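Everything quoted here is computed from the prediction, not taken from an experiment.
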Amino acid sequence: MIRRRSGRGIVSRTASFVRVVIAYVVALGVAAAWLWSGPDTGHLWLDTLVADLWATLVIFGFSRWYSNSSMYDAYWSVIPPVLLVYWWAAGDVGVDAVHCWVIAVVVGIWAIRLTANWATGWPGLDHEDWRYGLLKQRAGGAAIVVDLFAIHVIPTIQVFLGMVPVYVAVTHSDSTIVWLTALAAAVGFAAIGLESAADAQLRRFTAQRTPGAVLDTGVWSWSRHPNYFGEFSFWVAMALFGIAASPSDWWWLLLGVVVMLAMFLGASIPMMEQRSLSRRPGYADVVDRVSLFVPRPPRGARPPQSTEHVPG
């Protein structure tokens with residue numbers, strides 16, 4: 001068995017996953033305890049936000065214990081279906097609400113796929129996302145503050161905002177707009193399909209890549225970050241589900257989508273672009289030909305000598 005070193009010593013990959021599972025069970029237990037016995041704010045969404053933040057603090061504690069902020073990575077896809085089920089059960093829409101089942105299927109498939117993709121690619125507690133290390137290094141003496149807020153708390157709030165339209169949809173007892181719910185489901189499934197294709201192509205390339213190689217084939221020839229566009233599109237689908245349930249609230253139900261777009265275009269993508277440009281000379285050619293975010297046909301032909309590009 002391969003054994004790996006973490007902040008707490010040498011840990012096997014299997015043992016790493018066991019520790020992650022324990023951390024998430026504890027986190028969800030703390031959140032459930034708060035919802036069961038903590039102060040009642042009188043607002044279901046606010047109660048769950050506070051519980052969500054408590055769970056995040058637990059994961060943060062485990063991240064610090066193991067000196068690895070990637071302990072938080074799975075939180076992004078694990079918590080949304082938990083929120084959905086709790087909101088649906090706590091509301092009065094009823095188990096026979098068709099639109100709730102549609103949303104549950106889309107969110108469930110997305111969560112299972114994204115969590116499985118993380119689990120497949122995560123080597124264990126010896127590995128921490130390079131972006132986390134860079135952020136903490138730049139913060140210097142304030143590294144723990146950056147770790148807490150930039151890596152743990154702010155992403156939790158972003159995901160919660162992205163799920164607010166789902167809260168509206170699964171607690172809304174009036175009729176919903178059927179065609180818009182169907183459109184939301186179609187967008188959601190298309191987003192999952194795009195992310196799946198992008199991740200599969202990236203895995204295949206990573207297994208065979210050579211130093212300095214770039215991936216600019218398949219869906220990666222239409223967008224330099226198709227996985228991010230797919231993820232953004234998923235949150236657009238969540239917003240559409242909420243708008244279908246409460247059309248007059250469209251203007252604030254899009255807040256989560258705006259926050260997600262700001263994160264991708266303002267933080268995640270610039271970091272990936274800078275890293276790729278500094279490590280792979282051929283990436284400059286990809287920048288000239290391939291769209292940054294929204295997929296579209298590439299400009300011009302792919303040079304014969306071009307290799308394939310892996311972002312990050």
Visitor: How far apart are the closest heavy atoms of P81 and A111, and which atoms are they?
Guide: CG-CB, 3.8 Å
Visitor: Starting from V102, can I reach V178 by hopping between I/L/V/M/F/W/Y residues whose side chains sit under 4.5 Å apart?
Guide: no
Visitor: Could you list all the ring pair (Phe, Tyr, Trp, His ring centres under 6.0 Å) pairs where at least one residue sits in residues 169-196, not counting sequence neighbours?
Guide: none
Visitor: Under a single-linkage rule joining Ile, Leu, Val, Met, Phe, Trp and Tyr whose side-chain heavy atoms are separated by less than 4.5 Å, which residues share a cluster with V21?
Guide: V25
Visitor: Testing the basics here: between A198 and N227, what is the closest heavy-atom pair and its distance to 0.1 Å?
Guide: CB-N, 3.9 Å
Visitor: According to salt bridge (charged side-chain N to carboxylate O under 4.0 Å, His left out), who are the partners of R19, at least two apart in sequence or on a separate chain?
Guide: none
Visitor: For residues S16 and Y66, is any side-chain donor paired with an opposing acceptor at under 3.5 Å?
Guide: no
Visitor: Can you run down the side-chain hydrogen bond (donor to acceptor under 3.5 Å, both in side chains) pairs that involve residues 232-245, sequence neighbours left out, and say none if there aren't any?
Guide: E231-W235
Visitor: Under 4.5 Å between side-chain heavy atoms, hopping through other hydrophobics if needed: is there a path connecting V258 to V159?
Guide: no
Visitor: Would W54 and V58 satisfy side-chain contact (heavy atoms from CB on, under 4.5 Å), going step by step from the backbone distance to the final call?
Guide: CA-CA 6 Å; W54 274 116; V58 171; 5.8 Å; no
Visitor: Are I269 and M272 close enough that some pair of their side-chain heavy atoms sits under 4.5 Å apart?
Guide: no
Visitor: Begin from the C-alpha positions of M163 and V166 and carry the test side-chain contact (heavy atoms from CB on, under 4.5 Å) through to its verdict.
Guide: CA-CA 5 Å; M163 286 294 292; V166 174; 3.9 Å; yes
Visitor: Quick check for you: to the nearest 0.5 Å, what is the distance between I151 atom CD1 and D129 atom CG?
Guide: 8.5 Å
Visitor: Out of curiosity, does V164 fall in the hydrophobic cluster containing L255 (side-chain heavy atoms, cut-off under 4.5 Å, transitive links)?
Guide: yes
Visitor: Can you name the closest pair of heavy atoms from A119 and F17 and give their distance?
Guide: O-CZ, 3.4 Å
Visitor: Under the rule for side-chain contact (heavy atoms from CB on, under 4.5 Å), what residues qualify as partners of A197, not counting sequence neighbours?
Guide: Q201, V219
Visitor: Below 4.5 Å, heavy atoms only, C-beta onward: do W76 and T115 meet side chain to side chain?
Guide: no
Visitor: With sequence neighbours left out, write down each residue that passes side-chain contact (heavy atoms from CB on, under 4.5 Å) with L148, or none if nothing qualifies.
Guide: L57, F60, V153
Visitor: For V20, which residues count as a side-chain contact (heavy atoms from CB on, under 4.5 Å) partner, sequence neighbours excluded?
Guide: Y24, M71, W118, W122
Visitor: With sequence neighbours excluded, tell me which residues meet side-chain contact (heavy atoms from CB on, under 4.5 Å) with P298.
Guide: W222
Visitor: Verify, without hydrogens or angle tests, whether S223 (side chain) and V294 (backbone) share a donor-acceptor contact under 3.5 angstrom.
Guide: no
Visitor: Return the CG to CH2 distance between L161 and W252, rounded to the nearest 0.5 Å.
Guide: 10.5 Å
Visitor: I'd like to know if V259 and F149 are part of one continuous hydrophobic network [Ile/Leu/Val/Met/Phe/Trp/Tyr, side-chain heavy atoms within less than 4.5 Å].
Guide: yes
Visitor: Would you say the side chain of E195 lies within less than 4.5 Å of the side chain of F229, judging by non-hydrogen atoms?
Guide: no
Visitor: Would you call V105 and W110 a side-chain contact if the rule is heavy atoms closer than 4.5 Å?
Guide: no
Visitor: Regarding R203 and D199, does a basic nitrogen lie under 4.0 Å from an acidic carboxylate oxygen?
Guide: no
Visitor: Can you find a pair of side-chain heavy atoms, one from L35 and one from V50, that are under 4.5 Å apart?
Guide: no
Visitor: Are any of the side-chain heavy atoms of V26 and F62 separated by less than 4.5 Å?
Guide: yes
Visitor: In chain order, what residues pass the salt bridge (charged side-chain N to carboxylate O under 4.0 Å, His left out) check against D47, with sequence neighbours excluded?
Guide: none
Visitor: Is it true that R224 and D216 have a side-chain N and a carboxylate O under 4.0 angstrom from each other?
Guide: no
Visitor: Given the side-chain rings of W220 and Y283, with only the six-membered ring counted for Trp, is the space between their centroids under 6.0 Å?
Guide: no
Visitor: Going by atom type alone, with no hydrogens or angles, which donor-acceptor pairs under 3.5 Å involve a side-chain atom of residues 238-246 and a protein atom two or more places apart or on another chain?
Guide:
residue : atom : partner : partner atom : Å
S246    : OG   : D249    : OD2          : 2.5

Visitor: Are the side chains of R131 and R275 in touch, meaning some heavy atoms are under 4.5 Å apart?
Guide: no
Visitor: Write out all pairs satisfying side-chain hydrogen bond (donor to acceptor under 3.5 Å, both in side chains) with one or both partners inside residues 92-104, taking only residues at least two apart or from two chains.
Guide: none
Visitor: Between the main-chain N or O of T156 and the side-chain N or O of Y72, is there a donor-acceptor pair closer than 3.5 Å?
Guide: yes
Visitor: Just wondering, are more than 12 heavy atoms of other shown residues or ligands nearer than 6.0 Å to CH2 in W45?
Guide: no
Visitor: With hydrophobic residues grouped by side-chain heavy-atom distances under 4.5 Å, do V93 and V168 end up in a single group?
Guide: no
Visitor: What side-chain hydrogen bond (donor to acceptor under 3.5 Å, both in side chains) pairs are there with at least one residue in residues 132-149, not counting sequence neighbours?
Guide: R64-D147, S69-K136, S69-D147, D73-Y132, E128-K136, D147-H152
Visitor: Taking the side chain as C-beta and beyond, is there a heavy-atom pair between L261 and Y228 under 4.5 Å?
Guide: no
